[in-house]
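Structure, as structure tokens:
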Amino acid sequence: MTNEELWQAVLSQIQLNISPANFATWFANTKISAIDDSVVTVSVPNSFSKEWLEQKYNRDILKILKSLDDNIRDIQYVVNPVNVKIATAGKKGAKKEEETVEQMGFSELEVSKETNLNPKYTFDNFITGPFNEIAYAAAMAVVEEPGKSYNPLFIYGDVGLGKTHLIQAVGNKIKENNPEKKVKYIPAEKLISTIVNAIRGQSVEELKKNLRDIDVLIIDDIQFLAGKDKTQEEFFHTFNSLYQKNKQIILSSDRHPNNIPAITERLKSRFSGGMIADINIPDYETRMAILKQKAEEKDVTIPADVLEYIANNIQKNVRELEGAISRLIIYKKTNGKTVTIEDAKKLLKNIIVTPAKVTNYKKIVEAITEFYDIPSGNMFFSSRKKEFARPRQLAMYLLKRELKMSYSEIGRKFGGKDHTTVIHACQLMEKEDAENEKVHQEIELIIQRIYSK
Ligand code: ADP
Ligand code: MG
């Protein structure tokens, strides 16, 4: 028997015992790449499949292999991506090559401990068009002469339009040009909690000293300072101190400074004292350019008509554009087939059409319990088993996100859980979804399932 025949024999038995969706998800693009003495090497397309096969299917696969060839004692899984470019791990290149290959497809760039900036936000992958060119030009001017051209630089615009990307790109570029400069990126919520904790722990002086020692201070979503008097007070002094020393301050907000409620007049006037630039909604050409770039980044080909379909239907939010293309990329990678407009319509219906019409509570719960192979009745009755905890949190998150159910409604579905428990679960999963590529892919696979039901 050749390796190929042997693997076909294994697959045909596996296929009998699991659902077609599971089979397609976990066994597409797998093969036996070598047999060395008693060890079979199975190559899989990404580290996500690797982990899944190792954890959930290894026993079954080994049993079948042994029944076909009794010399076989063990299996090892290696990631051998098809059609995927090897992602270079930014400047951190110290990783072993093997490791880089392993993490392929999930090339997670790490947030810098020193600056708190995420290296994935650069000018190289920031697409410009009429909608953001003023903000872009102002940002470039700041990069050229930090502290001298526009201070503060205030960028505002609706959610998902690239504010965080742009202000972090400025930080990354300045740091690249001037490694000695102290650059610090702080989301406003983090600033608030840091100040509150410092007040509580009586370490305000130390915090002040740290903040005033910065060359480029970037605060994201400054609108959250609304109503936070203590933070506003401290921030006002920090702002003045930095400003007087010609240190660069960069701020972002979802609205113009004049429209931020409950913020002191003196801060408003500080915010408006430099350059205020807004980011608008991207035009069609830019939307296409963004989609093309994201597909190219992952080295996946998506037909032009499918890209056009997305660009025509998602108009107001770059994050949604990105979410849509990422969903199709993962679909293409797991199924290997060309993505058609029909596929796109199915996969994107929750983004493009109003969600309530296309899925429901039952479908979401079913998709999750099937995905994790857990009995669907149990998990709702607050079983204490650890293995149910995470699927349950994920279910809460998806019920909120896809159906916009209220927290207390979700709590009731889960055996009368308190709504704060639900909020906690949703926040946790949202964070992981945004920050952990592996979790994101897992969620996308579940979404594929929900919307193909
Ligand atoms: P905001 O902070 O305004 O809510 P983000 O900066 O988080 O938006 O952008 C949302 C997503 O869209 C990010 O992943 C970002 O990289 C991407 N994005 C936004 N604008 C652009 C752009 N002009 N070019 C490329 N990607 C973009
Ligand atoms: Mg943001």
Side-chain angles (χ1 to χ4, degrees), residues 87 90 106-109 111 116-140 143 153-173 185-192 218-226 250-257 259-260 276-298 307 310-311 314-330 351 401 427 430-437 439-441 443-444:
F106 305 127
S107 64
E108 248 168 288
L109 299 172
V111 170
N116 199 28
L117 288 165
N118 189 326
K120 78 175 182 188
Y121 295 120
T122 66
F123 281 111
D124 293 340
N125 58 15
F126 188 76
I127 308 249
T128 56
F131 76 114
N132 63 5
E133 64 194 354
I134 295 177
Y136 175 78
M140 287 313 265
V143 167
L153 172 62
F154 191 102
I155 304 283
Y156 76 97
D158 276 343
V159 60
L161 291 175
K163 302 181 296 293
T164 298
H165 189 138
L166 184 63
I167 61 178
Q168 290 220 23
V170 173
N172 279 318
K173 194 73 190 171
Y185 167 83
I186 312 177
E189 301 108 301
K190 175 80 185 153
L191 181 72
I192 297 165
I218 307 171
I219 310 281
D220 204 352
D221 289 316
I222 196 84
Q223 76 273 8
F224 290 131
L225 257 52
I250 303 171
L251 307 168
S252 87
S253 165
D254 66 351
R255 63 199 85 184
H256 190 280
N259 300 333
I260 306 177
I276 302 181
D278 68 336
I279 301 187
N280 259 298
I281 292 168
D283 53 298
Y284 178 80
E285 280 71 30
T286 316
R287 299 201 295 276
M288 282 298 283
I290 290 171
L291 293 171
K292 280 187 186 144
Q293 182 203 259
K294 302 284 171 195
E296 257 165 42
E297 233 170 53
K298 303 274 170 181
L307 297 182
I310 304 176
I314 301 177
Q315 306 185 337
K316 295 189 179 156
N317 188 321
V318 180
R319 184 173 292 133
E320 281 184 9
L321 278 176
E322 214 175 48
I325 191 77
S326 142
R327 185 163 295 173
L328 299 191
I329 288 169
I330 292 171
I351 303 179
R401 193 180 89 177
Q427 285 176 345
E430 185 178 358
K431 187 163 181 303
E432 284 195 29
D433 188 16
E435 291 173 5
N436 185 329
E437 182 64 22
V439 173
H440 176 66
Q441 298 222 7
I443 291 173
E444 285 301 315

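First listed ligand is number 1; within each ligand, the first listed atom is number 1. These values consider heavy atoms only, across backbone and side chains, with no hydrogens, waters or symmetry-generated copies. Computed from a predicted structure; not experimentally measured.
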Is T164 close enough that one of its N/O/S atoms sits under 2.8 Å from the Mg ion (ligand 2)? yes

Give the numbers and elements of all ligand 1 atoms closer than 4.0 Å to a heavy atom of N132.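 Every atom of ligand 1 under 4.0 Å from some heavy atom of N132: 23 (N).
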
Which of the atoms of ligand 1 are close to V159, meaning less than 4.0 Å from one of its heavy atoms?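 Near V159, the atoms of ligand 1 are 4 (O).
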
Nearest heavy-atom neighbours spanning N118 and N172: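 Looking at all heavy atoms of both residues, the shortest contact is O-ND2, 3.1 Å.
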
For [atom], grab the closest protein heavy atom and report residue, atom and distance to one decimal in Å.
atom: atom 14 (O) of ligand 1; answer: E322 OE1, 2.5 Å
atom: atom 18 (N) of ligand 1; answer: V318 CG1, 3.2 Å
atom: atom 7 (O) of ligand 1; answer: R319 NH2, 2.7 Å
atom: atom 2 (O) of ligand 1; answer: T164 OG1, 2.8 Å
atom: atom 23 (N) of ligand 1; answer: I127 O, 2.7 Å

Evaluate [X] for polar contact with ligand 1, using N/O atom pairs at a separation under 3.5 Å.
X: H165; value: yes
X: T128; value: no
X: F126; value: no
X: Y121; value: no

With rounding to the nearest 0.5 angstrom, report the [atom1] to [atom2] distance, [X] to [Y].
X: H165; Y: T122; atom1: NE2; atom2: OG1; result: 5.0 Å
X: L251; Y: K163; atom1: CG; atom2: NZ; result: 13.0 Å
X: L328; Y: K298; atom1: CG; atom2: NZ; result: 13.5 Å
X: R287; Y: I314; atom1: CZ; atom2: CD1; result: 9.5 Å

Can Q168 be said to touch ligand 1, with heavy atoms closer than 4.0 Å? no

For ligand 1, indicate whether the residue K294 contacts it via side chain, backbone, both or neither (heavy-atom separation under 4.0 Å). side chain

How does K163 reach ligand 1, if at all, at less than 4.0 Å between non-hydrogen atoms: by side chain, backbone, both, or neither?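 For K163, backbone and side-chain atoms both sit under 4.0 Å from ligand 1.
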
[X] side chain near [Y] side chain, heavy-atom distance below 4.5 Å:
X: F126; Y: N132; answer: yes
X: L321; Y: I310; answer: yes
X: I219; Y: L225; answer: no

Nearest neighbour of [atom] from the list [options], on a heavy-atom basis:
atom: atom 25 (C) of ligand 1; options: D220, I290, N125; result: N125
atom: atom 4 (O) of ligand 1; options: A289, G157, G160, A135; result: G160
atom: atom 8 (O) of ligand 1; options: G162, S252, G323; result: G162

Can you tell me if I281 has over 12 outside heavy atoms packed within less than 6.0 Å of its CD1? yes

Aromatic ring proximity, centroids under 6.0 angstrom, Y136 and F123: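 Yes; Y136 has its ring centre under 6.0 Å from that of F123.
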
Do T164 and D220 pair up side chain to side chain, a donor and an acceptor below 3.5 Å, judged on atom types alone?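 Looking only at side-chain atoms, D220 and T164 do form a donor-acceptor pair, the distance falling under 3.5 Å.
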
